[in-house]
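Each chain gets a letter, A, B and so on, in the order the sequences are listed, and its residues count up from 1.
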Protein chains: 2
Amino acid sequence: MFGRFGFDATTSRKIATDAGVPVALINYHFGSKEGLYRAIFEKRSPAIRDQRVVGLQLARSEADWDKRVELVVKALIVPMFGLRNDGNDGAFGRILARELSDPSSEGRGIFREMFDPVAEMMLDALAECFPDWTRAEVNWAYQTMLGAMMIVMMDNGRIARLSDGTADSEDPETAAIHIAAILTAGLKHRDRGQTRGS
Amino acid sequence: MFGRFGFDATTSRKIATDAGVPVALINYHFGSKEGLYRAIFEKRSPAIRDQRVVGLQLARSEADWDKRVELVVKALIVPMFGLRNDGNDGAFGRILARELSDPSSEGRGIFREMFDPVAEMMLDALAECFPDWTRAEVNWAYQTMLGAMMIVMMDNGRIARLSDGTADSEDPETAAIHIAAILTAGLKHRDRGQTRGS
DNA sequence: ATAGCACTTGAACATCTGTTCAAGTTTTTT
DNA sequence: AAAAAACTTGAACAGATGTTCAAGTGCTAT
C-alpha cells in the first residue's frame, strides 16, 4: 500500500483493515505509522545494498571496458527492479521510488541513512570508469540513471497508455533491458564538449 | 507550495494563510482545492506545450542528423526547466514533476488531458529520427528522458549532498546541459542488439 | 439613490487523521 | 498453579482536513 499510494495517502486504518487487525496494533508494535514504514526499509534495504555491492565488484573485475560500463549500469538497475529476488513482486522497488520522490522524505532521512553509502560507492565506480570526468559530470550521470529507473517504478499506467501497450511498466525485466541499453550508450558516448566548463 | 510539498501535503489553510486571505476564498473562486490546483495547470501548461511544439518543428527542419537528435531531446527538456521563460523561477516545472510522480495523480487526469497530446508528438518525432526502432523502443527512450528530467525537478537537496555541492538541482541550466548530453548520446548510440526480440 | 450582484469574512460542519487508553486475553515464566 | 509479562481489542481523544453557511461589505448598473 505504501508503494501504491505513498506514505501520506496510506492511512493507518487502511493498513489495519487490509490486514484484518485493529489499528492500535500498529502503534503497539512499531510505535508509530512511520515506525512501521521504517521497519519495511530496515528489513529490505540490506538485500538491495548487498546486490549492488556484488554487482560493482563484478564490474571492477571485468577487463573489457565496454562490458564494464554496462555492468555498472546494471548494478544500479537490476536490484531495484527486483529481478534477482525470487519472492519479490517488485513492491519494495515501488516503495523505494515513492520515498525518493516524496516531498516529505527529507524529514524522515531514510535515504540518507540507508542508501547514501551505496550511492557513494556507485559514484566511485563511475568515476573509476571515466577518470577524466569531473565530479559534477559523474554525479549528473548517476542522477540521470536514477531518474530513468524511477519513472518506471512510479508509473501508474501512463507508459502503457502512451505506447498503446507496447511498453509496460508491469514487465520490469523488459523495461530494465531497454533503459540499461540507452544509459550504457549515453555514458560511453557522452559528448563532453557540451558540458565542458560549466 | 504545491511544487514543494505536493498536492496532498499542501493544505487549503496553508495556502490561505500564506496569501493572507480567509480559506473560504479558495472554494468560492475555484470550487475546491483541486479546482485551484487545476487552474495552475490550465494557466501554465499551454506555454510548455507551445515551446515543445516549436522545439520539435525546429528539430524537423534540421538537416544534420546528429544535431537533430539533440534538438528533439532539448525540445523536451528546455521548456520543463523553464529556461526560456523569463519571469519563471522553475516552480511550475516542480509542480509538473510532482504531479507526474504523485500516486493520486491518475484520478485527477491532468496529465492525460493536458500533456498526453504533446507527449505523442514527442514520440512521433523520436520515431521519425529512428525509423528502424520498434514502437516499444521509442517509448522506452521517451520514458528514460522523462525520468532523467524528473529526478532533477523533484530533488530536495540529495544531489547537492551526494556531490558535495559540485552538482546542484537549483542550477537548472547546468543540469539540463549535462542530462541532455547523456541522453542525446544514449539515443544516438543505443545498442539495439540488447533489446532485440523483447 | 437604490436595487442587484459579486465578493469577503469568520465561524461552524462533518469527516478523517495518528495516537492513546483502560480493559481484556493469551502466553511465558517462576 | 500462580504471577508476570506480552499482546490484543474497541472505544475514545485531540487535532487537522476540505467544505459550507449566514452575515456582512463593496461595487455597479439602472
Atom [atom1] of [X] and atom [atom2] of [N]: how far apart are they, to the nearest Å?
| X | N | atom1 | atom2 | value |
| --- | --- | --- | --- | --- |
| B:Tyr37 | D:dT19 | OH | P | 15 Å |
| B:Glu34 | D:dG18 | CD | C1' | 12 Å |
| A:Asn27 | C:dT17 | CG | P | 14 Å |
| A:Arg108 | C:dG18 | CZ | P | 12 Å |
| B:Lys14 | D:dA16 | NZ | C1' | 10 Å |
| B:Lys33 | D:dT17 | NZ | C1' | 8 Å |
| A:Phe30 | C:dT20 | CZ | P | 16 Å |
| B:Ile15 | D:dA16 | CD1 | P | 17 Å |

Quick test: give all pairs of protein nitrogen or oxygen and nucleotides 9-12 of chain D nitrogen or oxygen below 3.5 Å, distance rounded to 0.1 Å.
| residue | atom | partner | partner atom | Å |
| --- | --- | --- | --- | --- |
| D:dA12 | N6 | A:Arg13 | NH2 | 3.4 |

Ring-face cation of B:Arg190 near B:Trp133 (centre distance under 6.0 Å, axis angle within 45°): yes
B:Phe7 six-ring face occupied by B:Lys33 cation (under 6.0 Å, within 45°):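 Yes.
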Does a side chain donor of either B:Ser104 or B:Asp102 reach within less than 3.5 Å of an acceptor in the other side chain?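 Yes, a side-chain donor-acceptor pair sits under 3.5 Å.
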Parallel, tilted or perpendicular for B:Tyr37 and B:Phe2, by the 30°/60° rule? perpendicular
If two hydrophobic side chains count as joined below 4.5 Å and joins carry through other members, does A:Ile110 share a cluster with A:Met1?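 Looking at the clustering, A:Met1 is in the same group as A:Ile110.
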Closer than 4.0 Å, any side-chain N/O of A:Ser12 to the OP1 or OP2 of C:dG18? yes
OP1 or OP2 of C:dA6 sitting under 4.0 Å from any side-chain N/O of B:His29? no
A:Arg192 with A:Glu137: basic N within carboxylate O range, under 4.0 Å: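 A:Glu137 and A:Arg192: salt-bridged.
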